[in-house]
Structures are given as C-alpha cells and as structure tokens.
Amino acid sequence: MRDTRESRLLLVLLIATAFALITVDIRGGQESPVDGARQAAAAVFGPVENGVAAAVDPVGNAIGAVRDSGERHTRIAALEKENAALKAKLGSDDRNRNRVRELDSMLKTAGAGQYGIKGAEVIAIGAAQGFSWTVTIDIGARDGVQRDMTVLNGSGLVGRVTTVGPSTSTVLLANDPDFTVGTRMEKSDELGFATGQGDRPLLVQLLNGKAKVKKGDRLVTFGSQADKPFVPGVPVGEVVRVDPAGGGLTRNVYVRPYVGFTKLDIVGVVVQAPRTDPRDMVLPQKPKPAPTVTVTATPPAPDGQQPGQQPGQQMGGQAPVGPATGRVERKPAQRPADQQAGQPDADQPDQNQQPQDQGATP
C-alpha cells in the first residue's frame, strides 16, 4: 500500500473510530452496545488465540526457566546448607550428651576414691608401629600435670603420663606391652603384676602360685610408693581365664580391662592422691542375679485317687479299696424298731439300773 494522503486519512478515521468505540464500551458497562460484537469476535478469534498460545508456551516456559534458574539455584544451595547445619547440630548434640555422661561417670569414680583430678580430652593417638599404645591429651605442665601421674576415666585405669609438654601430655595406655602395674584382688587381697597385651586381655601374674582365683574376680591397683606412678584402688578389670596351677611360684590369670582403649575421649589425670587407700570402694556394684524360677511338675493321680492321696489312704468315711471288690462304703448297722424308739439294747446293760449288792443272798 502506497503512502498517500487517502491512506493517512483512513488511518486517522480508524483510530478515531476505535477510541469512540472504547469510550462507548466503558460508559456502557455490562449493557454496552458493542458487547454482542465483542462476544462474536471472541467466538471467532478465541480458538486462534488458544492455538497460538499452545504453540508459544514451551518457548515462554523455557525463557522463564532460564530467567529463574539463578534464583532457584541460590535457594537450593541455601536449603542444602541449612540441612547440613541441622545434621551437624544433631550430631554435636549426641556427642555432647555422650561426653556429659562420660564426665559424670568419671567424677563419680574420682569422688568414690577421693582422687583429685584434672579433666582432659584425648586429642591424638600414637603411631601403631612397634605395637605402641599411647594417646595425647590437651593438658600439660601449665595445668599441673607431671610425669608418672595416674590417668583414669569413669570405667577405671587408663594409663600413666610419660611425657609432659607445656599444654599437652602423652599417656601410655594400660594395654601397652611396656605397661606394668601392681594389682590386688578384691576380698582375697592377693597381689600380682598386670602387663598389657594390646587388644588381648591383660596378663596378671599372681605372687601366690596357689591362690584361689575364679572367673569373674575383680582387681584394683595396689598403689606405688609416694603414689607415683599409680594411686591405689583404681579399678583394673575382671578375670576371664585362669591358667591351671602348675606348682610354680606364680600363677597366671587373664583380665579383661574395664576401659575401652579404642574409644577414649574424656579422661582425668590424678594430681592429688587420696589420703587413705579406698580399697574396693571404687569398684562398680555387681549386678544382682535374676531370681531363679522353680517349676514343680506334679504327676497326674491314678484313676480313682484324689490328688495328694497316698496309695491305700482312706478319704472321709470310705474304706480302703480292695483288690477285687473295688471301693466299699461303710454303712451304719440297722437297729430294731424298738431300739430306735429309745429302748436299750439287750446286749448292753442299762446304765440307769443300780448294781445289785454283791453281799446279798439271792
């Protein structure tokens, strides 16, 4: 179409008409005179609009997804970070509860033995080469720790301090082969020396080769001179095996330590020994044995015999059972009618009759 004066005039008229129709439609509201034309146009062009929208919707969605992808990625990253923080908090809460239990148990052990202790945390373990069992704790000389001090936890003997630094110390564990401690048996007071064997039970050599020892007997530390390196009364372990007595001067027993050396966390260094030997007071209380239930089976009674009745025993007014006749009932003897009426029996003397004078002549 060529740009002429007529075409411009026609465009102006169309625009003016459009504005006029819009004004009339707005003022008319729901009763607009062009409402019928609008509905007719919707009926004609509605399907065309739906088809065009269906064709261009995937493109529009793709463009929107690209536009929103940055915001969604940021939100996902924030949610993942929040989730990781919640998991870390949950894990730390469980660990804190476990450490509180360990600390409480250690304080009870120290209180029972009257040990003055410094609490510490295991921060490193020694190298496994050479079968060495050591750990590093986070307290040292600045905290009053010295060489050859006893180390314990809530379960019992952990080891002794071997090296002291300004803020850390090295502890030789009780299961190390180079570790030896004097022991005393509960109740019997038999003395011996316990030596570590790594992940195997402690080997205890009792000084008395004829000592009576059984599985389940318990041992504590005997104590050292001036309480270094060991204070007395610290629980060591429980006997799990006893070698037969071979007539030697000593006797070997194997003891399972109370302490789990592979899961140490909170420990205490004994910086002040007890005034008196606590003996067996620090040992844990033995669990009470479960009551034994005794069931007595009562055999069924033979036919015709009451439960609990001995053979041949009479029950009530019944006679014993004969071999041939069976059960026989005892019945009272029949008396004559005159005796039932109150007359005395002829075979029995009258109790009301006075005896005759034996000196009289008949």
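Reckoned from all heavy atoms, side chains included, excluding hydrogens, waters and symmetry mates.
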- In this structure, OG1 of Thr183 is separated from CD of Gln205 (nearest 0.5 Å) by 10.5 Å
- Note on the structure: Val220 and Pro235 have their tightest heavy-atom pair at CG1-CA, 4.1 Å
- Message: Measuring from atom NZ of Lys118 to atom CG of Asp143, what distance do you get when rounded to the nearest 0.5 angstrom?
- Response: 6.0 Å
- Note on the structure: Looking only at heavy atoms, the pair that brings Ala273 and Asp227 closest together is CB-OD2, 3.1 Å
- Query: So, Arg101 and Asp104, do they make that salt bridge, N to O below 4.0 Å?
  - Reply: no
- Query: More than 12 heavy atoms of other residues, nucleotides or ligands under 6.0 Å from CD of Gln272: is that the case?
  - Reply: no
- Indicate yes or no: at least one non-hydrogen side-chain atom of Asp217 is less than 4.5 angstrom from one of Lys214. yes
- Check: Phe230 ring centre within less than 6.0 Å of Phe179 ring centre: yes
- Task: Report yes or no: does Arg160 contribute a side-chain atom to a donor-acceptor pair with the main-chain N or O of Met149 at less than 3.5 Å?
- Result: no
- Below 4.5 Å, heavy atoms only, C-beta onward: do Ile137 and Val269 meet side chain to side chain? yes
- Of all heavy-atom pairs between Lys228 and Ser224, which one has the smallest distance, and what is that distance? O-CB, 3.2 Å
- Query: Are the charged groups of Arg99 and Asp265 less than 4.0 angstrom apart, N to O?
  - Reply: yes
- Message: Please give me the minimum heavy-atom distance between Thr150 and Val231, naming the atom from each residue.
- Response: OG1-N, 3.1 Å
- Gap between atom CG of Leu103 and atom CG of Asn96 - 0.5 Å precision: 11.5 Å
- Task: Check the hydrophobic clustering (I, L, V, M, F, W, Y; side-chain heavy atoms under 4.5 Å; chains of links allowed) and say if Tyr115 and Leu157 are grouped together.
- Result: yes
- Would you mind reporting whether Leu219 and Val239 have side-chain heavy atoms less than 4.5 Å apart? yes
- Is there side-chain contact between Val213 and Glu190, with heavy atoms separated by less than 4.5 Å? no
- Is a donor on one side and an acceptor on the other found under 3.5 Å between the side chain of Thr170 and the backbone of Thr162? no
- Message: Which heavy atom of Val164 sits nearest to which heavy atom of Val145, and what is that distance?
- Response: CG1-O, 3.5 Å
- Heavy-atom donor-acceptor pair, Ser169 side chain to Ile139 backbone, under 3.5 Å: yes
- Message: Would the distance check show the side chain of Thr109 and the main-chain N or O of Gly154 forming a donor-acceptor pair, the cut-off being under 3.5 Å?
- Response: yes
- Between Val158 and Val270, is there a shared hydrophobic cluster once you connect ILVMFWY residues whose side-chain heavy atoms come closer than 4.5 Å? no
- Hey, any chance Tyr258 and Leu152 share a hydrophobic cluster, counting ILVMFWY side chains that come within less than 4.5 Å of each other, even indirectly? no
- Message: Taking Arg251 first and then Asp243, would you say they form a salt bridge - that is, a charged N and a carboxylate O separated by under 4.0 Å?
- Response: no
- Query: Pick from Ile266, Thr136, Asp138, Leu264: which one makes a side-chain contact (heavy atoms from CB on, under 4.5 Å) with Val122?
  - Reply: Leu264
- Taking side chain as C-beta onward, heavy atoms only, is Val151 less than 4.5 Å from Val161? yes
- Task: Taking all non-hydrogen atoms of both residues into account, name the closest pair between Ile117 and Ala110 and its distance.
- Result: CD1-CB, 3.8 Å
- Determine, stepwise, if the pair Asp189 / Arg279 fulfils side-chain contact (heavy atoms from CB on, under 4.5 Å). CA-CA 9 Å; Asp189 292 338; Arg279 307 290 295 179; 3.0 Å; yes
- Inspect the surroundings of CZ in Phe193 and state if more than 12 heavy atoms from other residues, nucleotides or ligands are less than 6.0 Å away. no
- Message: Do Val240 and Val242 land in one hydrophobic cluster if side-chain heavy atoms of ILVMFWY residues count as linked below 4.5 Å?
- Response: no
- Please check if Leu206 and Leu203 belong to a single hydrophobic cluster, counting links between Ile, Leu, Val, Met, Phe, Trp and Tyr side chain heavy atoms closer than 4.5 Å. no
- Task: Please tell me if the side chains of Pro232 and Arg184 come closer than 4.5 Å, counting only heavy atoms from C-beta onward.
- Result: no
- Sub-3.5 Å donor-acceptor pair from the side chain of Asp176 to the main-chain atoms of Trp133, do we have one? yes
- CE/Met281 to CD/Gln114 distance, rounded to the nearest 0.5 angstrom? 7.5 Å
